[in-house]
Amino acid sequence: MKEKLVAVLRNALRTCEQEGLWEAGTLPFIEVDWTKDSTHGDYASNIAMMLASRLKRKPRQIAETICQHLHDDEGIIEKTEIAGPGFINFFLKEAIWAGCLADVERQGARYGFADVGGGKKVQVEFVSANPTGPLHIGHARGAVVGDVLANVLAATNHDVFREYYINDAGNQMNNLGRSVLYRYRELQGQEVAFPENCYQGDYIKALASDIIARDGDVHLKKAEDDVIPLFTAYAAGVIMEGIKDDLGAFGIKFDLYFSERELYRDDGVAKLLRELEDKKFIYSDGDTLWFKTTDFGDEKDRVVVRQNGEPTYFAADIAYHRNKFSRGFDTVIDIWGADHHGYIPRMSAGVQALGYNKESLKVVLIQLVNLLRDGKPVAMSTRSGEFVTMREVVDEVGRDAARYNFLMRRSDSHLDFDLEVAKRQSNENPVYYVQYAHARICSILRTAGERQLKTPDYATTDFSRLVLPEEIGLMKMIIRFPEVLEGAAKMLEPHRLTFFLNDLAGMFHSYYNKNKVVSDDPALTAARLFLVIAIRVVLHNALTILGVSSPEKM
RNA sequence: GCCCCCGUAGCUCAGUAGGAUAGAGCAACGGAUUCCUAAUCCGUGUGCCGGGCGUUCGAAUCGCCCCGGGGGCACCA
C-alpha cells in the first residue's frame, strides 16, 4: 500500500516538473508512513516539506500543487488533505481494506513476503562459539536473533545462507585438551594441580571418563605435548556434536559449519597476507606484521602476525571474510556479542582492503542477557563452570517461550530473562497472548464447522458488512504486515515482529470480546469469518518466521 | 584517559530511516463469563523523554558539552 502511494506521488512530482511548475532536480526519497491518528488519514507524506528548502516555497503551497496533480489510476484514494506544516494526508477508500483480504486469501502462507531483497545472496553468520563447552544462555540470544533474522531475510526474497564459524585453531582449543587431560590424570588417581585458566565444568570430567572407558590408561605415560592434540580433537568433536544437538532442539539449523582450520590449509592465511602486503596494506616493524587499518578509519593499526610468528585471530578473520565474499555473497551479516564492538572498525577495514564495499559487511551486536529467577540474578561464569546452558533453558521454559522472549527487545539493548516468568503460562508471558489469539481463531473456525458453515470465498463475501472501527483497524494491521516485515529486513531488526504480533493479537482479543463472529446473520458471519481467517494467516506467518509454533488449541 | 552502546511512566521496554497530542506490557485498584476458549476483555493514573546549548518549519530521534549506567581499549579468542 505504501508503495502504491509512493508511486502516485512520484508521478505527481514528475508531472509538476514537466509542466514547469518548478524546476527539475533530483527527487528526494519519497516517504509515506502510516499515521498514528486516524484524523490524519490512513497514510501521510512529508514530501512537500522535504522539497520546501530546495524549491524555496512554502510547504503547504507545494503540497497543494502536488495534490492537484495526483493521478489515482487504481482508484484507491478517497481524498487527500493538507495538514499541519505541510503534510499530505491520504484517506483511502474503505473498500481498500477489504482488498487486502483478497491478497491474504491468494497468497496464504506467503502473505506478507515483500520483495525487498531481489534475490540477493546474503550470508548470516551467527553463534560461532568455540567448541570448548556447551552453549549457554548468552549464546542463546544470538542464536535466536540470527536465526530469525535469516528467516526474515528469506521471507523478503533474499537468498539466505546460515553459517557457524568454528574457532577451532586457537589457544583456547589447546586449553580445552589440557583441561581434559588433567581431569583424565586425576581420575586415574594422579595428583594434579588443576590450573585456574582451564575449563572447570563437569562436562570436562565426563569427557575424561569417556576417554578412560575407550582407551584406558594408555595416555598416562605419553608426553603432554603429544597427547594434548588427541584430547583436544576428541573433546572438540564431542562438544561440537552436543552444540549441534542443542541448536537442533532450539529449532536452529545451519547450512554450513565452517572450520577455522580450513583457512590455514595450503598456507591460505599466509598467502592472503602476502597479497595484502603487495597492495601496501601491510608493513613490518621488524618482527611483527601490521595491518594499516587506520587507512580505513580505525583508531590504530592492528597486528596480523605476532612476534612469535603466529598469525592473530584477526588475520584469520580477514581470510574468512574473503572466503565468504569469494563464495558470491552480496551481503555478509555477522552477529556478534556486544563486547566485540571494538572489533568492527578493523573488520570493516579488512573487508575494504580486500576491495569489497563497506556496506557489504553488516554487524549486528547482541547485548548481554541478565538471567534471573524470580527476579534474582543467576550467577554465571563459563570458566568456573557455573552457568545455565541453553539446553537447560529450552528444556525448562520451552522452545516457543524461550525464542519469543529473546525477540522482545532490540538486540542492542540489555535483556532481562526471568526463567520463572518465561515458564509461567500467564499474562506476564506475551508468547501465550499471541498464540492464544491464534488458538481462539481456530476455535471459532471449529464452531463454524460444527454449524456446517462453509469457508467463505472472497468473490461472494460482502465486505461492506465490516464497518466497525475494530474491523477496519484489524484490516489495516493486516495490510501493515508486509511493511513491518520489510522494515525488519531493511533494518535488521527482528524484534519489530514481536511488537507487531502483540498489537495484532491485542486488537483481535478486544474485537473477540465485543463481537460474535459466528452469528445468526449469514452475510455478516461470512465477512467476519473471512476476516478472522486472514488474521490467523498473518499470525501464523509471523510466528513461523519467529520459529514459534501456532497452536490450534491451548 | 580514549572509543562504543544505553538513559523514555513505580518496574521492563517500544517509539516505524526528524514528523502532528510521547505509547505498550507488568505492577495497583475496580469491573465483565446463561453466548465462538477468562492464557481474554473493559475502566482508572503517572512523564523536566538524564541535563544544557545548538541545527531544523518540526527533535525522544541529529550535532556539541556535561551527568549517570554498561562494555571495549592485547602480539586473547
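Protein chains get the first letters and strands the later ones, always in sequence-line order, with residue 1 at the start of each. All values below come from the heavy atoms of this structure, side chains included, with hydrogens, waters and symmetry mates left out.
Listed nucleotides: B:C4, B:G70, B:A38. Nearest to the side chain of A:Arg440: B:A38. Picking from B:U21, B:A14, B:C75 the nucleotide with the shortest atom distance to the side chain of A:His495 gives B:A14. Of the candidate nucleotides B:C73, B:A20, B:U40, B:U40 has the atom lying nearest to any side-chain atom of A:Tyr433. Side-chain proximity of A:Tyr512 to B:A39, B:A38, B:G19: nearest is B:A38. Side-chain proximity of A:His341 to B:C41, B:A20, B:G72: nearest is B:G72. Ranking B:C13, B:U21, B:A20 by closeness to the A:Lys36 side chain, first place goes to B:A20. The listed nucleotides are B:U21, B:G19, B:A77; the one nearest the side chain of A:Tyr343 is B:A77. For A:Ser510, the listed nucleotide lying nearest its side chain is B:C41; candidates were B:U16, B:C35, B:C41. Closest contact between the side chain of A:Lys300 and the listed nucleotides B:C41, B:G72, B:A74 involves B:A74. Here the side chain of A:Glu299 is nearest to one of B:C2, B:C36, B:A20, namely B:C2.
B:G18 and B:A60 have their P atoms separated by 14 Å, given to the nearest Å. Of the P atoms belonging to B:C62 and B:U8, the separation is 15 Å, rounded to the nearest Å. B:U61 and B:C36: their C1' atoms are spaced 44 Å apart (whole Å). Nucleotides B:A24 and B:G30 are separated by 22 Å at their P atoms, to the nearest Å. Comparing the P positions of B:A20 and B:A32 gives a spacing of 38 Å, expressed to the nearest Å. Distance noted for atom P between B:U16 and B:G50: 15 Å (whole Å). Atom name C1', nucleotides B:U40 and B:C5: the rounded distance is 38 Å, in whole Å. Atom name P, nucleotides B:A28 and B:U21: the rounded distance is 34 Å, in whole Å.
Between A:Ala489 and A:Thr156 the shortest heavy-atom distance is CB-OG1, 3.5 Å. Minimum heavy-atom separation, A:Ala439 to A:Arg446: O-NH2, 4.3 Å. Nearest approach of A:Lys2 to A:Asp33, heavy atoms of both residues: NZ-OD1, 3.8 Å. Closest approach of A:Thr293 to A:Lys300, counting heavy atoms only: OG1-O, 2.9 Å.
Below 30°, between 30° and 60°, or above 60°: for A:Trp336 and A:Tyr343 the angle between ring planes is above 60°, a perpendicular geometry.
Distance alone, capped at 3.5 Å, is enough to place a donor-acceptor pair between the A:Thr498 side chain and the A:His495 backbone.
Checking the phosphate oxygens (OP1, OP2) of B:A17, a side-chain nitrogen or oxygen of A:Arg496 falls inside 4.0 Å. Distances shown here put a side-chain N or O of A:Arg410 below 4.0 Å from the OP1 or OP2 atom of B:G15. Applying the 4.0 Å criterion to OP1 and OP2 of B:C5, one finds that A:His340 has every side-chain N and O outside that range. Residue A:Ser413 places at least one side-chain N or O closer than 4.0 Å to OP1 or OP2 of B:A14.
Straight-line distance from the CG atom of A:Leu368 to the C1' atom of B:C6: 13 Å, rounded to whole Å. A:Asn405 has its CG atom 13 Å from the C1' atom of B:C26, to the nearest Å. Going from atom NE2 of A:His414 over to atom P of B:C13 covers 9 Å, rounded to whole Å. Computed from coordinates, the A:Leu289 CG to B:A74 C1' distance equals 17 Å when rounded to whole Å. A:Gln61 has its CD atom 15 Å from the C1' atom of B:C57, to the nearest Å. We find that CE of A:Met554 is positioned 9 Å from P of B:U40, with the value rounded to whole Å.
A:Ala52 comes within 4.0 angstrom of nothing in the nucleic acid, heavy atoms only. Counting any heavy atom pair closer than 4.0 Å across all strands shown, A:Ala83 reaches a base atom. In this structure, A:Arg451 reaches neither bases nor backbone, as no heavy-atom distance under 4.0 Å exists between it and the strands shown. Using a 4.0 Å heavy-atom criterion, one finds that A:Asn370 contacts no nucleic acid atom at all. No contact: A:Asp503 has no heavy atom under 4.0 Å from any strand. Within the nucleic acid shown, A:Ala439 comes within 4.0 Å of at least one base atom, counting heavy atoms only. Looking at heavy-atom distances under 4.0 Å, A:Asn89 makes contact with a base. Note on A:Pro59: nothing from the nucleic acid sits closer than 4.0 angstrom, heavy atoms only.
Paired regions of RNA chain B, where each region holds three or more successive Watson-Crick or G-U pairs whose two hydrogen-bonding distances fall under 3.5 Å, are B:1-7 with B:67-73, B:10-13 with B:23-26, B:28-32 with B:40-44, B:50-54 with B:62-66.
Remark: the A:Asp339 side chain and the B:G72 base include no donor-acceptor N/O pair separated by less than 3.5 Å. A donor-acceptor contact under 3.5 Å is not formed by the side chain of A:Asp33 with the base of B:A17.
Using a 5.5 Å limit on the distance between ring centres and a 30° limit on the angle between planes, the aromatic ring of A:His40 counts as stacked on the six-membered base ring of B:A20. The aromatic ring of A:Phe87 is stacked on the base of B:A20, with the two ring centres less than 5.5 Å apart and the planes inclined by under 30°.
Aromatic ring centres of A:Tyr257 and A:Tyr164: separated by under 6.0 Å. Between A:Phe296 and A:Phe281, the distance from one ring center to the other falls under 6.0 angstrom.
Judged by closest nucleotide on RNA chain B, A:Phe29 is the one of A:Phe29 and A:Gln307 placed further toward the 5' end. Both A:Ala338 and A:Ser53 lie close to RNA chain B; mapped to their nearest nucleotides by heavy-atom distance, the more 5′-ward contact belongs to A:Ser53.
Comment: A:Asp334 engages A:Lys324 in a salt bridge, judged by a side-chain N to carboxylate O separation of less than 4.0 angstrom.
A:Thr132 has its side chain within reach of A:Tyr199: a pair of non-hydrogen atoms, C-beta onward, lies under 4.5 Å apart.
Remark: the A:Tyr320 side chain and the A:Glu163 side chain contain an N/O donor-acceptor pair separated by less than 3.5 Å.
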